[in-house]
Enquirer: 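Pasting a structure below so you can have a look.
Predicted model only: the values in this text are computed from it and were never measured. Just so you know, ligand 1 is whichever comes first in the structure, and atom 1 is the first atom listed for that ligand.
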Amino acid sequence: MNILVLNCGSSSAKFAVIDATTGDERVSGIAQRLNSGEASLDWKLDGHKHTRALPGAGHDRCLRAAVEVLGELGLLAGLAGVGHRVVHGGSRFSASIRITPEVVSEVEACIPLGPLHNPPNLLGISIAHELFPALPQVAVFDTAFHQTMPPRAYTYAVPHAWLEEHEVRRYGFHGTSHRFVAEAAVAALGLDPTDHALVTAHLGNGASATAVRDGRSVDTTMGLTPLEGLVMGTRSGSVDPAIIGHMARALDVAPTQILDALNKQSGLLGVSGLSNDLRTLEEAAGRGHARARLAIDVFSYVLAKAIAALVVPLGRLDAVVFTGGIGENSSLVRAQVLTQLAFLGLDLDAEANARCVRGVSGRITTSTRPQAVVVPTNEELLIARDTAALIS
Ligand code: AMP
């Protein structure tokens with residue numbers, strides 16, 4: 001069953017056609033630098049890259065161009081449905097759902113919680129509805145997997161009226177990825193689907209870790225927004241909130257400007273002063289760049305501490321699962337993290353760790369209980385599967 005998967009962000013829109021039954025990706029692509037002179041549509045077919053310049057194009061023109069490409073490839077006729085990534089579902093959605101006008105209204109009601117992400121997600125839904133009025137559409141939320149967290153995990157110790165009147169609580173993100181790799185790890189490791197304890201670490205430009213007990217998220221590092229928790233490419237992760245007032249006064253700027261710097265100029269980029277890209281930092285650190293080295297050390301240390309903390313709600317640890325661009329490729333970060341977690345019984349297998357890069361999955365510890373594994377994520381496939389399940 002062929003499903004069109006759409007992930008509409010503010011300046012880019014990703015698309016893929018995936019056979020939800022076999023998992024085969026028929027085509028995937030991205031419209032980038034939307035609403036600029038350099039807007040373009042790039043897609044990959046059978047390993048070959050193609051590009052089409054669309055200067056000045058926004059979401060609407062780019063998605064129409066993507067649909068044209070699908071038509072040229074003969075992929076439109078067989079489409080059974082459209083699955084959309086939606087970032088913030090608040091407390092309203094605890095699972096993927098078929099899109100109706102009521103669902104659209106509820107996603108709109110979550111805009112104050114996800115002001116950067118939900119509007120482009122909604123735009124994608126409305127354009128897809130116009131382009132494919134006859135096709136069923138499904139929303140798959142980044143937050144839904146974490147709705148199983150208990151109150152003690154999602155409640156911030158702030159005035160309770162903030163929660164009751166303004167929905168201020170931990171929501172967590174990357175839920176599709178955490179769910180995908182947790183399920184894949186349970187299957188690959190032969191764990192009991194009704195009795196397991198995992199920490200999944202999704203480490204990319206955005207990064208979060210989740211405690212998964214018996215298939216359910218019981219705690220996670222991201223919070224009300226994706227700023228909290230681990231060190232990320234340009235995001236600080238958790239810091240003392242008093243920094244905002246302190247730096248606003250010191251620099252004589254509005255607090256929102258400091259918040260913007262915590263989102264866009266911090267993390268690996270902020271510490272290194274060089275790049276948000278771990279590959280660049282690993283190369284620079286190898287040449288002796290001290291702050292690139294420090295950025296990698298802070299990233300690994302904060303991650304190791306977070307993984308250890310997530311063992312608390314689990315009560316025991318069966319496996320740590322690494323995924324995302326960094327989790328799947330950086331044997332350096334994984335080695336640093338596991339070395340700091342040796343007290344939990346995680347014994348690094350250096351050879352296996354070096355081998356598990358570029359899509360190779362497997363165990364990277366000599367220990368088996370607990371163990372650490374690399375599992376490549378595939379959020380698009382999970383969106384396609386959820387969509388197929390809800391429309392059939
Ligand atoms: P993602 O957001 O999941 O695409 O991950 C992007 C991050 O993964 C960037 O920081 C990349 O530098 C990092 N990454 C990708 N490949 C490698 C690699 N071979 N070694 C180290 N980091 C990598």
Enquirer: With respect to Arg33, which candidate in Ser11, Ser40, Ser12 satisfies the side chain to side chain donor-acceptor pair (under 3.5 Å) definition?
Expert: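 Of the listed residues Ser11, Ser40, Ser12, the side chain to side chain donor-acceptor pair (under 3.5 Å) partner of Arg33 is Ser40.
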Enquirer: Please produce the table of protein N or O atoms sitting under 3.5 Å from N or O atoms belonging to ligand 1, one pair a line, distance to 0.1 Å.
Expert:
residue: ligand 1; atom: 2 (O); partner: Asn205; partner atom: N; Å: 2.9
residue: ligand 1; atom: 3 (O); partner: Gly325; partner atom: N; Å: 2.9
residue: ligand 1; atom: 8 (O); partner: Ile326; partner atom: N; Å: 3.3
residue: ligand 1; atom: 10 (O); partner: Leu278; partner atom: N; Å: 3.0
residue: ligand 1; atom: 12 (O); partner: Asp277; partner atom: OD1; Å: 2.5
residue: ligand 1; atom: 12 (O); partner: Leu278; partner atom: N; Å: 3.1
residue: ligand 1; atom: 12 (O); partner: Arg279; partner atom: N; Å: 3.0

Enquirer: Less than 4.0 Å between a side-chain N and a carboxylate O, is that true for Arg179 and Asp386?
Expert: yes
Enquirer: For atom CZ of Arg61, decide whether the heavy atoms of other residues, nucleotides or ligands shown that lie under 6.0 angstrom number more than 12.
Expert: yes
Enquirer: Is the distance between the ring centroids of Tyr171 and His88 under 6.0 Å?
Expert: yes
Enquirer: Which residue, Thr377, Thr323, Thr200, forms the side chain to side chain donor-acceptor pair (under 3.5 Å) with His178?
Expert: Thr200
Enquirer: Is it the case that atom CZ in Arg316 sees more than 12 heavy atoms from other parts of the structure closer than 6.0 Å?
Expert: yes
